[in-house]
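Everything below concerns the one structure shown next.
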Amino acid sequence: MARLPYAHVDNSLRALAGQAEGFGRSAIGGLHGSIYHVTSLAESGLKAQTLGCHQRPDAHVHAFHVLDDGNGSLRAGCRIQEPLWIVFEVSGTIHLNSYLNVSSYKTIDGRGQRIKLMGNGLRLKECEHVIVCNLEFEGGRGHDVDGIQIRTKSRHIWIDRCSLCGYDDGLIDITRESTDITVSRCHFAQHDKTMLIGADPTHTGDRCMRVTIHHCFFDGTMQRHPRVRFAKVLLYNNYTRNWGIYAVCASVESQILSQCNIYEAGKKKEVFRYTTEKAADCEEAASGWVRSEGDLFLNGSQPCLVTGPGVDSVFKASECCSTLTMEAPSVGLKEVLQICTGWQAIPRPPEIASTA
């Protein structure tokens with residue numbers, strides 16, 4: 001029977017922290033911070049004095065206070081330079097006039113409400129320990145406007161149960177030496193260049209990057225599910241269907257491990273594409289490598305896998321995590337991923353303080 005991982009995290013508010021699978025498994029977000037209540041759909045604004053405990057990111061907190069400014073915007077909460085667990089008291093659309101910059105040790109938790117970000121997206125730059133859960137992203141407009149942009153040495157990031165569609169650039173872009181990132185249970189639709197990992201062949205520092213993508217639904221998007229340069233990327237239990245150009249692209253020096261995914265073609269059949277590029281510090285151009293294990297190819301999907309010694313050099317799943325909630329691809333899994341990815345109409349879990 002098909003199942004989804006970490007269902008128990010919806011029993012209490014902060015149980016989400018530290019439950020990511022794969023390379024982003026250490027992300028704790030605002031676990032040790034106050035609760036910040038978003039009470040306004042305004043693009044920005046912070047009113048009145050904030051209340052709450054000011055904890056170090058590594059502190060052990062046994063009782064949590066509430067931080068509530070009376071008219072708090074999401075942007076104001078993301079700007080505060082202390083750990084916060086951000087929740088929403090309103091539902092609706094937040095129209096962003098510019099990127100919303102997220103500082104370190106933040107959880108943006110959309111459970112219990114329906115929040116849609118439009119006009120622009122989130123930017124995670126030079127930050128660490130961020131969790132983004134249960135939000136919608138739609139209709140970002142402008143050059144280089146992504147739904148979620150992760151860049152410049154950001155690390156320990158977890159993007160979970162988000163719906164993303166219709167941006168002018170990417171839906172999720174991960175670049176500039178950002179690493180230890182997991183994207184899980186997200187729904188991607190109505191888009192061209194879906195997910196880029198690794199900026200371009202000149203950014204050789206991206207060799208450090210490690211990303212896990214699992215239990216996601218790529219629903220008729222054109223390409224980049226993902227496109228990868230330099231990074232190590234683990235894909236498992238994703239459902240990709242009816243792509244417009246190709247499913248997954250291995251560019252310069254990338255290592256892609258594809259395990260137990262479902263690839264269901266529409267008119268275009270090519271699953272894995274290899275693109276040769278020249279790294280800035282190398283004399284010869286090269287593509288990346290893909291190792292496919294247990295993948296299910298439907299409706300005439302053509303893996304188009306390249307063989308050679310590089311396949312054996314692709315990293316092992318054990319390097320990513322000792323335990324992964326992985327199952328064989330099946331019709332049941334395909335049905336579950338169509339229903340249970342992206343934004344979910346689930347209540348916000350209660351806040352339960354530790355009694356230890």
Side-chain angles (χ1 to χ4, degrees), residues 21-24 174-175 177 179-183 194-201 203-216 218 223-241 243 245-265 268-330 333:
E21 294 189 359
F23 286 124
I174 303 169
T175 61
E177 301 176 48
T179 191
D180 296 334
I181 295 163
T182 292
V183 178
T194 309
M195 186 182 301
L196 176 67
I197 301 173
D200 60 59
H203 290 91
T204 57
D206 286 352
R207 291 184 176 115
C208 71
M209 292 170 49
R210 307 188 302 177
V211 179
T212 298
I213 303 167
H214 72 89
H215 291 91
C216 289
F218 297 96
Q223 60 181 313
R224 299 188 179 182
H225 313 101
R227 175 175 180 173
V228 187
R229 294 183 177 99
F230 295 115
K232 296 178 179 179
V233 176
L234 172 63
L235 311 172
Y236 68 92
N237 280 166
N238 301 293
Y239 175 33
T240 306
R241 74 174 182 190
W243 54 88
I245 301 177
Y246 61 83
V248 176
C249 181
S251 296
V252 57
E253 297 182 19
S254 59
Q255 297 181 38
I256 300 173
L257 177 56
S258 178
Q259 292 187 308
C260 298
N261 299 286
I262 302 169
Y263 298 102
E264 185 170 13
K268 299 294 183 178
K269 307 299 184 183
E270 180 184 13
V271 177
F272 301 113
R273 173 171 291 190
Y274 298 81
T275 300
T276 299
E277 296 177 304
K278 182 177 174 295
D281 58 358
C282 293
E283 294 184 359
E284 295 185 3
S287 63
W289 294 98
V290 178
R291 188 165 72 244
S292 172
E293 298 176 347
D295 290 326
L296 179 62
F297 301 100
L298 301 176
N299 197 30
S301 299
Q302 299 297 316
C304 304
L305 286 162
V306 172
T307 59
V311 175
D312 294 333
S313 68
V314 172
F315 69 97
K316 305 296 189 292
S318 58
E319 180 181 331
C320 177
C321 191
S322 58
T323 57
L324 297 171
T325 308
M326 189 186 305
E327 61 186 279
S330 64
L333 177 63

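From a predicted model like this one, the values you see are computed outputs, not experimental measurements. Count residues from 1 along the sequence. Below, each value reflects all heavy atoms present in this structure, side chains not excepted, and no hydrogens, waters or symmetry copies.
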May I ask you to decide if Ala199's main-chain N or O and Arg229's side chain share a donor-acceptor pair within less than 3.5 Å? yes
Do the non-hydrogen side-chain atoms of Leu333 and Tyr239 ever get within less than 4.5 Å of each other? no
Indicate the atoms forming the closest heavy-atom contact of Thr212 with Gly22, along with that distance. OG1-CA, 3.5 Å
Return the CE to CZ distance between Met195 and Phe218, rounded to the nearest 0.5 Å. 4.5 Å
Is there a side-chain contact between Pro226 and Ile213 (heavy atoms, below 4.5 Å)? yes
Between CG of Asn237 and CD of Glu21, what distance do you get to the nearest 0.5 Å? 9.0 Å
May I ask you to test the Ser292-Phe297 pair for a side-chain heavy-atom distance under 4.5 Å? yes
Testing Ile256, Val211, Leu324 for side chain to side chain contact (heavy atoms under 4.5 Å, CB included) with Leu234, which one passes? Leu324
Quick check: closest heavy atoms across Tyr274 and Trp289, and the distance to 0.1 Å? CE2-CA, 4.4 Å
Restricting to non-hydrogen atoms, name the atom on Arg227 and the atom on Glu277 that form the minimum distance, rounded to 0.1 Å. NH2-OE2, 3.1 Å
Value for CD (Glu253) from OG (Ser287), rounded to nearest 0.5 Å, stands at 10.0 Å
Is the backbone N or O of Ala265 less than 3.5 Å from a side-chain atom of Ser301, with the two atoms forming a donor-acceptor pair by type? yes
Check: Glu284 side chain, Cys282 main-chain N or O, donor-acceptor pair, under 3.5 Å: no
Check the angle between the aromatic planes of Tyr263 and Trp243 and answer parallel, tilted or perpendicular using the 30° and 60° thresholds. perpendicular
Let me confirm one number: the OG-CD1 distance from Ser251 to Ile197, rounded to the nearest 0.5 Å. 11.0 Å
Would Ile181 and Phe23 satisfy side-chain contact (heavy atoms from CB on, under 4.5 Å), going step by step from the backbone distance to the final call? CA-CA 6 Å; Ile181 295 163; Phe23 286 124; over 6 Å; no
Can you check whether His215 reaches Tyr236 side chain to side chain, under 4.5 Å on heavy atoms? yes
Is there a donor-acceptor pair closer than 3.5 Å between any side-chain N or O of Asn238 and the backbone N or O of Cys216? yes
If you round to the nearest 0.5 Å, how far is NE2 of His203 from CE of Met209? 11.0 Å
Decide side-chain contact (heavy atoms from CB on, under 4.5 Å) for Glu293 and Val314; before the verdict, give the C-alpha distance in whole Å, the side-chain angles of both, and the deciding distance to 0.1 Å. CA-CA 12 Å; Glu293 298 176 347; Val314 172; over 6 Å; no
For side-chain contact (heavy atoms from CB on, under 4.5 Å), just list the numbers for Gln223 and Arg273, CA-CA rounded to whole Å, side-chain angles, deciding distance to a tenth of an Å, and then say yes or no. CA-CA 10 Å; Gln223 60 181 313; Arg273 173 171 291 190; over 6 Å; no
If every non-hydrogen atom of Gln259 is compared with every non-hydrogen atom of Met326, which pair is closest and at what distance? OE1-CE, 3.3 Å
What do you reckon, is NZ of Lys269 surrounded by more than 12 foreign heavy atoms closer than 6.0 Å? yes
Write down the atom of Thr194, the atom of Arg224, and the distance for their closest heavy-atom approach. CB-O, 3.3 Å
Point-to-point distance, once rounded to the nearest 0.5 Å, from CG of Leu196 to CD1 of Ile174: 9.0 Å
State, with a plain yes or no, whether a side-chain heavy atom of Val290 is found less than 4.5 Å away from one of Val306. no
Quick check against the 3.5 Å criterion: does Arg291 have a side-chain atom that pairs as donor or acceptor with the backbone of Val311? yes
If you take all heavy atoms of Asp206 and Glu177, which pair is closest and at what distance? OD1-N, 2.6 Å
Verify, without hydrogens or angle tests, whether Thr179 (side chain) and Cys208 (backbone) share a donor-acceptor contact under 3.5 angstrom. yes
Sub-3.5 Å donor-acceptor pair from the side chain of Thr182 to the main-chain atoms of Gly24, do we have one? yes
Just by modelled atom types, is the Asp295 backbone N or O under 3.5 Å from a matching donor or acceptor in the Asn261 side chain? no
